[in-house]
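Computed from a predicted model, the values in this text were never measured in an experiment.
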Amino acid sequence: MKALYTTSATALAGRNGQVATDDGKLSLALSYPKEMGGSGEATNPEQLFAAGYSACFSNAILHLAREQKLAVKSAPTKATVGIFQNEQGGFALTASLAVELELDQAQANALVKAAHQVCPYSNAVRGNIDVQLLVNGIEL
């Protein structure tokens, strides 16, 4: 299958260094968050993942709304990402997606459930990360 788009980024020194995309459009300092013993002075991979997941999921909702001819102009999506130590001594992530939609609750729920099947981030993490979905403050 041919990729629609590819990109690359390089991290120089893990969580306490620099990360940049090969095209130079993104270049960020990284640091451990204070909660993990770091300075918290720069961004971290969990924040970057949350930003990407929220943008991608919001777009999946808008894509499906257009296909279904629903009058949805925005799909505010807050992604909350956590990191924890797993039982094997490694680390794992959790994610929560909180979506606000100006639709009746049943229609909003259906749209978010469908977006969870379409979004490439959701498809990538399915079976690996617990993802909680909330629609207008109500858990699915």
Side-chain angles (χ1 to χ4, degrees):
M1 186 168 15
K2 183 177 174 166
L4 297 174
Y5 171 75
T6 60
T7 188
S8 298
T10 303
L12 300 177
R15 290 175 167 270
N16 279 319
Q18 186 79 14
V19 66
T21 56
D22 291 352
D23 64 6
K25 291 182 181 177
L26 178 73
S27 180
L28 299 169
L30 297 174
S31 68
Y32 277 93
K34 287 183 179 183
E35 297 83 351
M36 293 175 66
S39 69
E41 293 179 3
T43 195
N44 60 66
E46 290 72 35
Q47 289 174 322
L48 296 172
F49 185 76
Y53 202 173
S54 65
C56 190
F57 199 85
S58 178
N59 196 72
I61 293 168
L62 294 172
H63 169 76
L64 291 171
R66 276 190 304 276
E67 283 187 345
Q68 297 174 25
K69 299 187 181 355
L70 297 173
V72 176
K73 292 185 170 105
S74 68
T77 301
K78 180 180 181 178
T80 303
V81 174
I83 185 169
F84 62 95
Q85 193 160 11
N86 64 21
E87 295 171 358
Q88 294 77 30
F91 295 90
L93 299 175
T94 62
S96 173
L97 299 170
V99 180
E100 296 292 327
L101 293 173
E102 293 182 12
L103 294 171
D104 71 67
Q105 193 66 36
Q107 200 171 34
N109 289 351
L111 191 57
V112 169
K113 284 180 184 177
H116 196 43
Q117 299 305 309
V118 170
C119 174
Y121 276 69
S122 290
N123 288 330
V125 303
R126 186 168 291 111
N128 296 308
I129 296 176
D130 289 329
V131 179
Q132 177 189 36
L133 299 174
L134 296 120
V135 182
N136 299 331
I138 300 170
E139 187 174 355
L140 288 183

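More than 12 heavy atoms of other residues, nucleotides or ligands sit less than 6.0 Å from atom CD of Q132. Counting non-hydrogen atoms of other residues, nucleotides and ligands closer than 6.0 Å to CZ of F49 gives a total above 12. In this structure, D130 places its CG atom where only 12 or fewer heavy-atom neighbours from other residues, nucleotides or ligands lie under 6.0 Å away.
Connection of V135 to L70 is established within a shared hydrophobic cluster, with ILVMFWY side chains joined at heavy-atom distances below 4.5 Å, either directly or through further cluster members. By the criterion of side-chain heavy atoms lying less than 4.5 angstrom apart, applied directly or through intervening Ile, Leu, Val, Met, Phe, Trp or Tyr residues, F91 is not grouped with F84; the two fall into different hydrophobic clusters.
To the nearest 0.5 Å, the span separating CD1 on I83 from CE on M36 amounts to 4.5 Å.
Between the side chain of Q68 and the backbone N or O of A65, no donor-acceptor pair lies under 3.5 Å. In terms of modelled atom types and a separation under 3.5 Å, the side chain of S31 and the main chain of E41 share a donor-acceptor contact. Panel note: side chain T21, backbone S8; no donor-acceptor pair is recorded below 3.5 Å. Remark: the backbone N or O of A50 is paired with a side-chain donor or acceptor of S54 at under 3.5 angstrom.
The side chain to side chain donor-acceptor pair (under 3.5 Å) search around S122 returns Y53, H116, not counting sequence neighbours. Under the side chain to side chain contact (heavy atoms under 4.5 Å, CB included) criterion, Q117 pairs with R126, sequence neighbours left out.
V19 shares a hydrophobic cluster with L26, L28, L30, L48; the chain of contacts runs through ILVMFWY side chains whose heavy atoms sit under 4.5 Å apart.
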